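To start, the structure itself, in C-alpha cells.
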Amino acid sequence: MLRALGVRKRYRHEEVLKGIDLEVASGEVLCLIGPSGSGKSTFLRCINHLEKVSDGRLYVDGELVGYRERGDRLYEMHPREICRQRADIGMVFQRFNLFPHQTVLQNIIEAPIRVRREAKAQATEHARALLARVGLADKADAYPSRLSGGQQQRVAIARALAMRPKLLLFDEPTSALDPELVGEVLNVMRGLTEDGMTMIVVTHEMAFARDAADTVAFMDAGVIVESGPPGEILAQPRHERTRAFLSRVIGART
Amino acid sequence: MTRVVPLRRPWLWLGSALVVVLAALLALSVWRNPNIQHGVILQYQFAPAILAGLRTTVVLALLAALIGTVLGVLLAVMRLSESPVLRLASGFYTWLLRGTPLLVQILIWGNLALLFQYLGPFPTNDVLTPFVASVVALGLNEGAYMAEIVRAGIIAVDRGQNDAALALGMSYPLALRRVILPQAMRVIIPPAGNQFISLLKATSLVSVIAGGDMLTAAENISSANLHTIELMLVATFWYLVLTTIASLGQHYVERRLGKAGVGMHATS
C-alpha cells in the first residue's frame, strides 16, 4: 500500500529526512516511534504531499505521490491530481483540527459532498453510521468546542473515514489528550485495525504499538534505525539508540 | 448590614459639570446665532436634490465596498501566495494606493481624459463619467485597505485548519472558501466595519470631481444661495444617520458571528 524509496526532506539548513525506505502492505499497521524532532511527523506529511519530498519516491497503492514519472524525469502534478490522491489518504492530526464553525455532522460530510460529490442524504447516512461506530451518535449536531478532546479526536477519525481512504495516517493522535481520554481514542483505532484498515501511526503509546502494530519502526535523526515486529523492536532492540529511547519512554510512563 | 460609603470624588463632579455647561453653551451659541437661518436647514433637509445626492452617496459607498472587498480578498490571497511576483504585485498595489491621498486618486480618475483620450474604442469621458470615476477611485482605494484586513484575518486562522482541509482532498480555493475565510470573518468584520464607516464619509471627497454625491448637491445649492453652514449642517445630519445605521449593522453582524462560532478558539 505504501512504498518509500530513499525519501529525503531538506529545509534550508538541515536535512530532516535522510533517506527513508519503508514498505507497508495492505491491511498492515505500522507504528513509527522515536524522539521528537526525529522526522516522524515530517515523513507522515510527505505521504500525502502536505510536504514536498526533496528527493526519493513515495508510492501509495502503486501510484507515485505528487509527481508523474515519464522517462527518467519527474513532472510535478497538477493540483487537481494531488487533491485526488489526498482524498484517498486519510489523516488524523495531533490537535484534531476539526472545523470549529461547523457542527460535527457538517465536519464529516463536508469533504464527501464537496470533493467526492456525494449526495447529501447519502453522505449524511454514512456520517451517522461512522459516528455510531466511534461512539458519538448523539453528538451529530454539537459544535466541536462542546466536545472533550477525546470526543473531538474520534470525530476527526470519523471525518477521515468518511472519505473511504485506502490508507490512514495518524500524527500523534493522543499526544494532546488528557491521560484519561487517551483510551477511548486508542480503542477506536484498535477497532480499525481489526477491520483491516491500513494505518501508519506516529505515536508515543508503546502499549498500543505492541498490541496493534504489525511493524514498529524506530526513527532517530531522520533515519529509520531499525524496524520489525513489535515483539522484536520493543522487547529486544538491537541498537543502542533504540534501547536508550525505550528506556526513557517506558521509564517515564511507569 | 454595614453601610458602604462611596468615595467622594469632588473633581469628577466638577469636571462633569464643566463638560455639561460647555456643551450647552456651544449648542446655544449655534442655535441662537443670528447668522444661521433655521428655516433654510428645514427647507433643504428633505429637498429632492439633497435626497438624490444621499442616494448617490449610499450607492457609491456600497459599490466601492463591494469592489474593495472582492479586490481585498484577491490581493490578500496574492500576498500570501507562493509566487514572489504575485506577492510583490499585491504589496506594490497596497503601497501605492495606501501611500497616496484618496483626494489625489479621485482627481486623477476624474481627469483621466487628460492622460488617455480613449479607453479602447470609447472616449474616456463617456466611460468614466464623474460617477463611474468616483466608484473606481473609491473601490480601488478601498481594496488596498481591505487587502490588509483580509490578510490579517487569514493569518489568524490556525494552520492546522488548512492542513486538515487539504488532507481531505480539498483544493486550496475550496479550502479558502469553506474553511479558512468563514473563520477569518471573526477577525475581518470589526475592522471592515470601521473601514466601511470611513468609506461612507470618504464618498464626500468625490465632490471635487462633481461626483453627484450628497456633498456635491449641498455645495451646488449653497453656492447659489450662499447658506454654506446651513447646507453643511443638512449634510452632517444625513452623514450621521448613515454612519449610525452602519454602526448598528456592524454591531448586529458581530453579535451573530459571535454566536455562530461558539467558543471557536477551544478546538485548536
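Everything quoted here is computed from the prediction, not taken from an experiment. Here is how names work: the chains are called A, B, and so on, in the same order as the sequence lines, proteins then strands, and each is numbered from 1.
- Across all non-hydrogen atoms, the minimal contact from A:Phe93 to B:Ala164 is CE1-CA, 3.6 Å.
- With a threshold of 4.5 angstrom between heavy atoms, A:Leu50 approaches chain B through side-chain atoms but not through N, CA, C or O.
- For CZ of B:Arg55, the number of neighbouring non-hydrogen atoms (other residues, nucleotides, ligands) closer than 6.0 Å is 12 at most.
- Residue A:Glu63 qualifies as enclosed at atom CD: its count of foreign heavy atoms under 6.0 Å is above 12.
- No part of A:Arg116 comes within reach of chain B, as not one of its non-hydrogen atoms sits under 4.5 angstrom from that chain.
- More than 12 heavy-atom neighbours from other residues, nucleotides or ligands sit within 6.0 angstrom of OH on A:Tyr75.
- For A:Gln102, the part lying near chain B is the side chain, with the backbone staying farther off; criterion is any non-hydrogen pair under 4.5 Å.
- From A:Arg159, atom CZ reaches atom CG of B:Leu168 across 5.0 Å, with rounding to the nearest 0.5 Å.
- For OH of A:Tyr59, the number of neighbouring non-hydrogen atoms (other residues, nucleotides, ligands) closer than 6.0 Å is greater than 12.
- Heavy-atom minimum distance, A:Cys83 versus B:Gly169: CB-O, 3.3 Å.
- Among B:Asp163, B:Asn162, B:Leu174, the residue with the largest count of heavy-atom pairs under 4.5 Å with chain A is B:Asp163.
- No more than 12 heavy-atom neighbours from other residues, nucleotides or ligands sit within 6.0 angstrom of OH on B:Tyr252.
- In this structure, the separation between NE2 on A:His101 and CZ on B:Arg186 is 12.0 Å, given to the nearest 0.5 Å.
- Of the possible polar contacts, none joining the A:Asn48 side chain to the B:Ala167 backbone as a donor-acceptor pair under 3.5 Å is found.
- If you take OG on B:Ser171 and CZ on A:Arg114, they are separated by 11.0 Å, rounding to the nearest 0.5 Å.
- B:Gln161 contributes a side-chain N or O that, together with a main-chain N or O of A:Leu98, makes up a donor-acceptor pair within less than 3.5 Å.
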